[in-house]
2 protein chains.
Amino acid sequence: MTVAEELSASLEDYLEAIHHIASEKGASKAKDIALRLKVRSSSVTGALHALAKRGLANYAPYDLITLTPEGEKLALDVIHRHEALRDFFITVLSVDKTEADDAACKMEHSVSPEIIERIVQFVKFVQTCPLGGAEWIEGKGFFCEHKDSEGGCPLYKEEKQDSSKEQ
Amino acid sequence: MTVAEELSASLEDYLEAIHHIASEKGASKAKDIALRLKVRSSSVTGALHALAKRGLANYAPYDLITLTPEGEKLALDVIHRHEALRDFFITVLSVDKTEADDAACKMEHSVSPEIIERIVQFVKFVQTCPLGGAEWIEGKGFFCEHKDSEGGCPLYKEEKQDSSKEQ
DNA sequence: TTATATTATTAGGCGTGTCAAATAAATTTC
DNA sequence: GAAATTTATTTGACACGCCTAATAATATAA
């Protein structure tokens, strides 16, 4: 089995669109995809061939379009990146929703898994410890600087409880 | 005067490379650019034609390559985005330098001016108020939540002093 | 200064991703 | 169920940006 080729930004957009349309109306038609991505339907046909060739979409001419499990997995990954970025822009940077969504849409294709993971952790930290003072602890995540003192980091406490539960 | 066409990620990379090579050795040669961008020199020639056509690079066959003032301005903008992202990854997300630089390199082309500005402000905040508690104040920037209490946000105090100086 | 090595350019090809126009299939309406 | 409409596909074109191979210019060494 060879390593799957990196998807282009364009194909990632198609996966994302197909997933979203499917979750709104069950399955996708080329026209909905075209409308959503602001692209002509001949471009959609082309993209669907490419996705089908990679085993990411179920495509038969004139038929409804769905994602394969593999395609679905990749779509969810793109969406995860999108949402992580958007949440970060809104929660931490106080960017307004529309702008945050647009920015996430553009950046979701170039952000690495490592950065996304850090961002997810950081947003989680900010939402739990609004007083801040984030400190990254390798292998654990962000905690506030006073994790050991009374009234310290709630995240850190959760962590402690969790591990004692696991005992 | 028409609105300048958006530069592609690829051309932005060339601008950035030309600027960096020039600041290290005075001017750029096609070979240095090719090495830096891991591209063949025929690709460099093509890119130089495109940049020259847009008035961003001074290009004459077999001659040294420099940027026009316009090209220099755009190069500095790309570099600003790169550095803002890298600093954020390092300072806030505790990502290691190499990874931070790689990630910045990939994302610098898709990040909007608004997001960059917020990130710059946020990093500045984190560096000044390491205890955190960032709060965005429209038209001002990030300050900590205790800006009015004793021992509160140094950034906010600076701001106050600054405006009294201006009086 | 002539031969050699290096560097740059041109020419042509390939993959991606878009479009418009022509055609074909499916759906809706009468 | 036939006609009209909508939707989808094919075909061919074009821009980008990379590549290889062949050629041309420049720089280096003898």
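FYI, side chains are in, hydrogens and waters are out, and symmetry mates aren't considered; it's all heavy atoms of this structure. Chain A is the first sequence line, chain B the second, and so forth, proteins listed ahead of strands; every chain is numbered from 1.
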Can you tell if the side chain of [X] reaches within under 4.5 Å of the side chain of [Y], non-hydrogen atoms only?
X: B:K31; Y: B:S41; result: no
X: A:V44; Y: A:L48; result: yes
X: A:E16; Y: A:E12; result: no
X: A:D77; Y: A:K73; result: no

Review point. More 5' along DNA chain C: A:S41 or A:P61, using each one's nearest nucleotide?
Key: A:S41

Between [X] ([atom1]) and [N] ([atom2]), how many Å, whole number?
X: B:R40; N: C:dT6; atom1: CZ; atom2: C1'; result: 15 Å
X: A:I33; N: C:dG17; atom1: CD1; atom2: P; result: 15 Å
X: A:K31; N: C:dT27; atom1: NZ; atom2: P; result: 14 Å
X: B:L48; N: C:dA8; atom1: CG; atom2: C1'; result: 10 Å
X: B:E6; N: D:dC16; atom1: CD; atom2: C1'; result: 15 Å
X: B:L64; N: D:dT26; atom1: CG; atom2: C1'; result: 12 Å
X: B:D63; N: C:dT7; atom1: CG; atom2: P; result: 17 Å
X: B:E12; N: D:dG17; atom1: CD; atom2: C1'; result: 15 Å

Check your understanding: Counting only distance, no hydrogens or angles, is the base of C:dA20 paired donor-acceptor with the side chain of A:S42 under 3.5 Å?
Key -> yes

**Study point:** Residues A:D32, A:R36: salt bridge by 4.0 Å N-O rule
**Key:** no

So which nucleotide from [options] ends up closest to the side chain of [X]?
X: B:K29; options: D:dT9, C:dA8, C:dT9; answer: C:dA8
X: A:S8; options: C:dG17, D:dC19, D:dT7; answer: C:dG17
X: A:Y62; options: C:dC19, C:dA8, C:dA25; answer: C:dA25
X: A:H49; options: D:dT9, D:dT10, C:dT10; answer: D:dT10

Quick one: is [N] close enough that its OP1 or OP2 comes under 4.0 Å of any side-chain N or O from [X]?
X: B:S43; N: D:dG17; value: no
X: B:Y14; N: D:dC16; value: no
X: A:T45; N: D:dT10; value: no

Exercise for review: Would you mind classifying the nucleic acid contact of B:V44 as base, sugar-phosphate or nothing, using non-hydrogen atoms under 4.0 angstrom?
Suggested key: nothing

